[in-house]
Amino acid sequence: QLQLQESGGGSVQAGGSLRLSCAVSGYTGTNYYIGWFRQGPGKEREGIGRIHMGSGLTYYVDSVKGRLTISRDNAKKTVYLEMDKLKPEDTAMYYCAGTRPGLADYYAGSLVPANQYNYWGQGTQVTVSS
């Protein structure tokens, strides 16, 4: 099984940037997805993007395209979420999540359904002030 740990959250002014990290352990292969989710105050959790650790292919929801970039370093077993041009509405707890190991890149061109993620980190808070 996977263990996930986010880091890198903090407070930033609107227009600024942050890089979140998701350290992955517990599996030596690369056939699985890591997704990024967020939950803002009073809002439901939403998926914002994902990466397949083997192919490196990514997918983002429209609301973050052009501002958020997901990348991975398989040698460090870390996934990154680069966030640029941050807005106050990006304020949220950010979580990374992992699917079961052994999942090939079936979800080309789409998010992975949230119910496919079996493993979750504890989250890291991002606060964007205007």
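Note that these values count all heavy atoms, side chains included, but never hydrogens, waters or copies made by symmetry.
Clustering ILVMFWY residues whenever any of their side-chain heavy atoms sit less than 4.5 angstrom apart, transitively, puts Val126 in the very cluster that holds Tyr60.
Checked against side-chain hydrogen bond (donor to acceptor under 3.5 Å, both in side chains), Ser63 has no partners two or more places apart in sequence or in another chain. Residues passing the salt bridge (charged side-chain N to carboxylate O under 4.0 Å, His left out) test with Glu89: none are found, sequence neighbours excluded.
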Can you list the steps and then say if Asn118 with Gln1 is a side chain to side chain contact (heavy atoms under 4.5 Å, CB included)? CA-CA 9 Å; Asn118 301 105; Gln1 64 178 30; over 6 Å; no

Show the numbers, then the answer: is there a side chain to side chain contact (heavy atoms under 4.5 Å, CB included) between Ile48 and Tyr94? CA-CA 10 Å; Ile48 56 176; Tyr94 284 73; 3.8 Å; yes

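Counting only heavy atoms from C-beta outward, the side chains of Val24 and Tyr119 never approach each other to under 4.5 Å. Val128 has its side chain out of reach of Met83: every pair of non-hydrogen atoms, C-beta onward, lies at least 4.5 Å apart. Taking the side chain as every heavy atom from C-beta outward, Leu68 and Trp36 never approach each other to under 4.5 Å. Annotation: side chain of Leu111 is in contact with side chain of Val61 (closest heavy-atom distance under 4.5 Å). With contacts defined as side-chain heavy-atom distances shorter than 4.5 Å, the pair Arg100/Leu2 does not qualify. In this structure, the side chains of Gln13 and Leu86 stay at 4.5 Å or more apart for every pair of heavy atoms. The shortest side-chain heavy-atom distance between Thr99 and Arg50 does not fall under the 4.5 Å cut-off.
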Compile the donor-acceptor pairs under 3.5 Å between side chains in residues 72-81 and protein atoms, sequence neighbours left out, one pair per line.
{"from": "Arg72", "atom 1": "NE", "to": "Met53", "atom 2": "O", "distance (Å)": "3.1"}
{"from": "Arg72", "atom 1": "NH2", "to": "Met53", "atom 2": "O", "distance (Å)": "3.3"}
{"from": "Arg72", "atom 1": "NH2", "to": "Gly54", "atom 2": "O", "distance (Å)": "3.0"}
{"from": "Asp73", "atom 1": "OD1", "to": "Ala75", "atom 2": "N", "distance (Å)": "3.0"}
{"from": "Asp73", "atom 1": "OD1", "to": "Lys76", "atom 2": "N", "distance (Å)": "3.1"}
{"from": "Asn74", "atom 1": "ND2", "to": "Met53", "atom 2": "O", "distance (Å)": "3.0"}
{"from": "Lys77", "atom 1": "NZ", "to": "Tyr27", "atom 2": "O", "distance (Å)": "2.9"}
{"from": "Thr78", "atom 1": "OG1", "to": "Lys76", "atom 2": "O", "distance (Å)": "3.0"}

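Note that CZ of Arg38 is 12.0 Å distant from CD of Gln125, once rounded to the nearest 0.5 Å. Expressed to the nearest 0.5 Å, how far OG1 of Thr127 lies from CE of Met93 amounts to 9.0 Å. Gln122 CD to Ser7 OG: the interatomic distance, rounded to the nearest 0.5 Å, is 12.0 Å. In this structure, CD1 on Ile70 lies 10.5 Å from CG on Leu20, to the nearest 0.5 angstrom. Atom OH of residue Tyr117 and atom SG of residue Cys96 lie 10.5 Å apart, to the nearest 0.5 angstrom. The OG atom of Ser55 lies 9.0 Å from the CG atom of Asn31; values are rounded to the nearest 0.5 Å.
Phe37 and Trp120 have tilted rings, their planes meeting at an angle from 30° to 60° on a 0 to 90° scale.
Electrostatic pairing of Lys65 and Asp62 counts as a salt bridge here, judged by a charged N lying under 4.0 Å from a carboxylate O.
When every heavy atom of Thr124 is checked against every heavy atom of Gly9, the shortest pair comes out as OG1-N, 3.0 Å.
Of the listed residues (Tyr107, Tyr32, Tyr106), just one forms a side chain to side chain contact (heavy atoms under 4.5 Å, CB included) with Gln116, and that residue is Tyr107.
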